[in-house]
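See structure below.
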Amino acid sequence: MSDESKKDSELMKKIVSLCKSRGFIFQSAEIYGGLNGCWDYGPLGAELKRNLKEVWWRRNVQERDDIVGMDGSILTHQEVLKASGHVGGFSDPMCDCLLSKARLRADQIPEQSGTVYSYTGASHEESGWSVNKPYSVLLTEGQDPNKAKKTARLYYSQFLTDKQISPKKLELTDESTQQVENVTNFNPENGSLLTEARQFDLMFKTHMGASAVDNDPAAVAYLRPETAQSIFVQFKNVLETNRMKLPFGIAQIGKSFRNEINPRNFTFRSREFEQMEIEFFCYPEDGMKLTDEWLENRLCFYEDIGIPREHLHILDVPDGERAHYSKKTYDIEYEFPFGIQELEGVAYRTDHDLKAHQESSGKSLEYFDDQKKEKIIAHVVEPSAGCDRTVLALICEAFDEETITDDKGKQEIRTVMRFDPKIAPIKAAILPLLKNKPELVEKAREIQKILQPVMTVSYDDGGAIGRRYRRQDEVGTPFCITVDFETIGEEGSEDLKDTVTIRERDSMEQTRMPISELLQFLIAKIH
RNA sequence: GCGGGUAUAGCUUAGUGGUAAAGCUCCAGCCUUCCAAGCUGGCUACGUGGGUUCGAUUCCCACUACCCGCUCCA
């Protein structure tokens with residue numbers, strides 16, 4: 001591991017540990033040993049995620065005339081997912097190399113021709129050991145026939161109980177050869193036979209209702225693998241009930257489920273995750289242009305919530321790597337400590353989805369174009385963001401360790417979560433300077449009552465004031481409001497009465513402000 | 001799915017075939033007039049299940065979870 005990636009791995013460890021110790025993210029069912037690929041948000045994580053979703057909704061639905069929201073069911077009719085191509089085609093056929101155990105995509109193995117050497121087993125005379133398993137090796141033209149024997153011995157040697165026996169001492173049984181052309185069931189790397197191609201079903205399947213028959217195929221339903229399909233399926237209803245005119249969008253935030261083979265990287269790839277999606281319907285001729293516009297719009301959004309553009313990467317997904325229905329796809333990626341990974345895809349999906357559902361359901365999903373006096377199938381541009389991934393990006397982006405030197409020259413590390421105030425879990429902490437002075441405590445509680453109806457605040461009177469500031473730094477609270485002796489009029493001039501100090505998280509600077517102005521000041525900062 | 005590693009308190013770590021130590025955090029109290037002060041007291045842990053053993057947190061096996069590298073990510 002390079003120094004750089006070691007450093008990043010250490011950084012990720014710190015972030016994961018802070019998430020746990022401060023109550024952002026816990027492992028799901030931790031007391032039972034954990035559930036693979038599932039995570040729970042603790043009190044602060046829940047606030048953070050809620051804030052993200054609220055900003056997203058406000059920017060994309062509340063503040064726009066041309067986008068409306070919906071909230072579809074998670075349990076999904078199997079016909080919906082047959083039409084969308086998820087049932088049957090959702091996963092890639094995979095096969096494993098019997099020798100190296102490498103996993104390959106069956107549809108990406110190049111065709112090969114040559115001679116297949118087949119065996120029925122192997123034995124070791126001295127020890128009396130033997131195994132019966134058919135196996136074969138493909139040799140392409142010009143390869144040494146001994147290579148087939150060598151590969152086969154290596155394969156059979158993995159079944160040896162006595163690992164001291166050299167593969168070279170194995171006798172192969174019943175060698176036969178056969179010429180083949182354009183086959184794909186051998187590993188191009190080593191010629192070894194592959195397992196049969198298997199479909200990995202990435203959808204969670206369930207059965208609905210109390211069916212008389214076990215596994216009644218009519219009762220099958222799925223947990224949705226994406227939120228998009230419920231939008232397409234409700235396209236007509238939304239269009240008609242809300243008198244929408246092209247171009248317009250339907251937005252949705254909700255959970256989706258994929259039975260990932262290999263969840264990894266903390267919450268980044270998990271089996272249950274939340275998406276924030278817009279299906280923006282448009283005229284066919286505007287699709288490409290709108291895709292570019294949405295990319296820009298989305299980049300601005302990330303900037304708005306505190307993820308600077310220089311930490312984002314735009315991947316213009318090339319031909320052949322896009323989904324078959326997409327004419328253009330941008331991936332917006334973020335520099336996570338564990339690598340550059342996708343946060344959001346902006347995909348021009350053409351009329352593929354509406355067309356598929358129209359054909360499959362037999363119901364018209366057309367749009368009547370008033371100008372041209374004709375019916376068309378709307379095209380769609382889809383900005384689809386991963387909510388949990390964005391939360392993780394926000395946490396990674398916010399995390400900072402600052403070395404500060406005090407008056408005596410002593411150095412210490414200050415851990416600060418530099419969340420944008422808009423998404424910070426706690427907006428302000430209210431701190432009486434001392435807790436054994438009832439007047440201070442009482443005033444602080446009054447301020448808490450003023451702010452509480454409008455924002456999430458925290459009251460803290462435990463320990464020295466400096467400690468409390470640091471505690472708030474570590475959870476990213478942007479403002480600390482301190483009630484001191486000037487506030488209650490016991491010290492300083494009369495004009496300082498009913499003013500408090502506001503300590504800003506990033507600069508650690510303090511300003512004084514009348515209590516009456518607090519609410520307006522904070523609202524402006526957090527909106 | 002393969003290979004490698006790890007699992008002790010809320011966090012970070014120490015340690016032992018005879019059930020565990022420390023720092024930080026946290027809680028209570030005292031004190032404290034602005035950046036992790038001090039004092040006193042307190043809560044809390046050997047991932048789960050088997051096996052070996054008089055006795056296992058320690059040794060062995062399996063499982064689970066997490067991390068790293070492959071693989072995969074419609």
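Proteins get letters first, then strands, A, B, ... in listed order; numbering begins at 1 in each. Predicted model, so just to flag it, every value in this text is computed and none were measured. The analysis underlying the following values was restricted to heavy atoms, covering all of them including side chains, and did not include hydrogens, waters or symmetry mates.
Positionally, the nearest nucleotide of RNA chain B for A:Val483 lies more toward the 5' end than for the other of A:Gly33 and A:Val483. Projected onto RNA chain B by closest heavy-atom contact, A:Gln27 and A:Tyr325 fall at different nucleotides, the more 5' of which corresponds to A:Gln27.
For the pair A:Asn262 CG and B:G4 C1', the interatomic distance rounds to 14 Å; values are reported in whole Å. Spacing between atom OH of A:Tyr32 and atom P of B:C66 amounts to 18 Å, rounded to whole angstrom units. Whole-Å rounding puts the A:Arg271 CZ to B:U64 P distance at 12 Å. Rounded to an integer number of Å, the gap from CD of A:Glu260 to P of B:U71 is 16 Å. Nucleotide B:C34 holds its P atom 15 Å from the CD atom of A:Glu490, rounded to whole Å. Atom pair A:Glu509:CD and B:C34:C1' shows a separation of 14 Å (rounding to whole Å applied). If you take CZ of A:Arg512 and P of B:C34, they are 12 Å apart, rounded to a whole angstrom. Rounded to whole Å, atom P of B:C68 lies 11 Å from atom CD of A:Glu10.
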Start with the C-alpha gap between A:His352 and A:His379, add the side-chain angles, then the distance that decides, and say whether ring pair (Phe, Tyr, Trp, His ring centres under 6.0 Å) holds. CA-CA 8 Å; A:His352 171 263; A:His379 279 224; over 10 Å; no
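Between the side chains of A:Gln252 and A:Ser230, a donor-acceptor pair is found at a separation under 3.5 Å. Side chains of A:Thr267 and A:Ser270: no donor on one and acceptor on the other come within 3.5 Å. A donor-acceptor contact under 3.5 angstrom links the side chains of A:Gln275 and A:Ser256, judged on distance only.
Base engagement by A:Glu474 is indicated by at least one non-hydrogen atom pair under 4.0 Å involving a base atom. At the heavy-atom level, A:Glu491 lies under 4.0 Å from base atoms of the strands shown. Backbone-only contact: A:Asn265 has heavy atoms under 4.0 Å from sugar-phosphate atoms and none from a base. Within 4.0 Å of A:Ser17, counting heavy atoms only, lie sugar-phosphate atoms of the nucleic acid but no base atom. Heavy atoms of A:Phe266 sit under 4.0 angstrom from primed sugar atoms or phosphate atoms, though from no base atom. Residue-level contact check: A:Arg264 touches the bases, meaning some heavy atom is under 4.0 Å from a base atom. Across all strands shown, A:Gly339 has no heavy atoms under 4.0 Å from either base or sugar-phosphate atoms.
Only the C1' atoms considered, B:G38 is 24 Å distant from B:A21, to the nearest whole Å. Nucleotides B:U52 and B:U44 have their P atoms positioned 33 Å apart, rounded to a whole Å. One C1' atom belongs to B:A9, the other to B:U25, and the distance between them is 11 Å to the nearest Å. Using C1' as the reference atom, B:G41 and B:C35 are 27 Å apart when rounded to the nearest Å. Here, B:C60 and B:C24 have their C1' atoms 36 Å apart, quoted to the whole Å. B:C68 and B:U53: their C1' atoms are spaced 36 Å apart (whole Å). Rounded to the nearest Å, the gap between the C1' atom of B:G10 and that of B:C63 is 26 Å. On the C1' atoms, B:G4 is 15 Å away from B:U71, given to the nearest whole Å.
OP1 or OP2 of B:C66 lies within a sub-4.0 Å distance of a side-chain N or O belonging to A:Asn36. Residue A:Lys20 places none of its side-chain N or O atoms closer than 4.0 Å to OP1 or OP2 of B:G10. A close approach under 4.0 Å does not occur between any side-chain nitrogen or oxygen of A:Arg467 and OP1 or OP2 of B:C24. Taking side-chain N and O atoms only, A:Arg471 has a distance below 4.0 Å to OP1 or OP2 of B:C26.
For A:Tyr41 and A:Phe24, the ring centers sit 6.0 Å or farther from each other. If you look at A:Trp294 and A:Phe280, their ring centroids are closer than 6.0 Å.
Relative ring orientation between A:Phe338 and A:Phe336 is described as parallel, the plane-to-plane angle staying below 30° on a 0-90° scale split at 30° and 60°.
The base of B:C34 is not paired with the side chain of A:Arg503 by any donor and acceptor separated by under 3.5 Å.
Candidate nucleotides B:U32, B:C34, B:A37 were compared by shortest atom distance to the side chain of A:Lys435, and B:U32 ranks first. Checked against B:A36, B:C68, B:C34, the side chain of A:Thr501 finds its nearest nucleotide in B:C34.
At a threshold of 4.5 Å between non-hydrogen side-chain atoms, the residues A:Leu299 and A:Ile314 count as touching.
Using Watson-Crick or G-U wobble geometry with both donor-acceptor distances under 3.5 Å, B:A28 finds its partner in B:U40. Base-pair partner of B:G3: B:C68 (Watson-Crick or G-U wobble, both distances under 3.5 Å). Figure legend. B:A14 is base-paired to no nucleotide; pairs are counted as Watson-Crick or G-U wobble with both atom distances under 3.5 Å. When both distances must be under 3.5 Å, the Watson-Crick or G-U wobble mate of B:G49 is B:C61.
Ring-base stacking between A:Tyr469 and B:C34 is not satisfied when judged by a centre separation under 5.5 Å and a plane angle under 30°.
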